[in-house]
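Just so we're on the same page: letters track the sequence lines, and every chain starts at 1. Heavy-atom basis, side chains included; hydrogens, waters and symmetry copies ignored.
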Amino acid sequence: MSATGPLETAMREKLVARFDPQRLQIVNESHLHAGHHNRDSADDGSFDGAGETHFRVRIVAAQFDGMSRIERHRAINDALADELAPDKVHALAIEPAAPGEPTRW
Amino acid sequence: MAETNDWIENEVKNNDVVLFMKGTPGFPQCGFSGQVVQILDYLGVEYKGINVLSSDELRQGIKEFSSWPTIPQLYVKGEFVGGCDIIRDMFQAGELQSHFAENNIAVKGAA
């Protein structure tokens, strides 16, 4: 991918501020979804794969310790509520972990 | 909106396993929805698939019902269990299978 976009930058800032993560990786996977039908687009067209529509957030933070899977996802969704608006990020995959838990990255 | 909320509540109360998804179990229209369909079909669980693309009110309503911004969403015995990432993690850890067992949901597949 090319330069980091504004949505990714905003997400990174908010995740760092809210969770003080030990590790954080934000992957823009929009290019993997080029051609998918996009019902949210103005012309009912397709994703062109060039933008900031599909992301994967991988995050290891101490405050996830003792939280359920749903609680972790809710906390992250909540922190990124502005970015998850319908006309912005279309899909967000989340891989949260507390320190010491296995990760796949 | 209240009507939509009531409709959703009715669906998740009257069906043991409900998947709100984009597309249908036979023809998912989103990769994340498709992954959950594959897991449920692999386990051989009976479930009702509800296509949120069939109605804008439903598509918005389900997000408010669960305070969860994304689709798919899986409900078991009226309780929200998770979206694609959570269902996949639970499946890989064997927790989804035990969650169904604890709720007396028949799992017909091998696995």
Return the minimal non-hydrogen interatomic distance between B/D85 and A/L92, and the atom names on each side. OD2-O, 4.2 Å

Of all heavy-atom pairs between B/G82 and A/I70, which one has the smallest distance, and what is that distance? N-CD1, 4.4 Å

Residues A/R104 and B/D89 bridged, charged N to O under 4.0 Å: yes

May I ask you to name which of A/A81, A/S68, A/A93 has the most heavy-atom pairs under 4.5 Å with chain B? A/A93

Closest approach of B/A93 and A/R69, non-hydrogen atoms and distance? CB-NH2, 4.3 Å

Connected via hydrophobic side-chain network under 4.5 Å: B/V52 and A/V89: no

Counting only heavy atoms from other residues, nucleotides and ligands, does the tally under 6.0 Å from CD of B/Q92 exceed 12? yes

So does B/Q38 have more than 12 non-hydrogen atoms from other groups sitting under 6.0 Å from CD? no

Within the supplied structure, the quantity of interest is the number of heavy atoms (other residues, nucleotides, ligands) at a distance under 6.0 Å from A/Q25 CD; does it exceed 12? yes

Between B/F32 and chain A, which part of the residue has a heavy atom less than 4.5 Å away: side chain, backbone, both or neither? side chain

Would you say A/I26 ends up clustered with A/F64 if hydrophobic residues are merged whenever their side chains have heavy atoms under 4.5 Å apart, either directly or through other cluster members? yes

Please indicate whether B/E46 has more than 12 foreign heavy atoms, meaning atoms of other residues, nucleotides or ligands, lying under 6.0 Å from its CD. no

Do the charged groups of B/R88 and A/E95 touch, with an N to O distance under 4.0 Å? no

When rounded to the nearest 0.5 angstrom, what distance separates SG in B/C84 from CD1 in A/I94? 11.0 Å

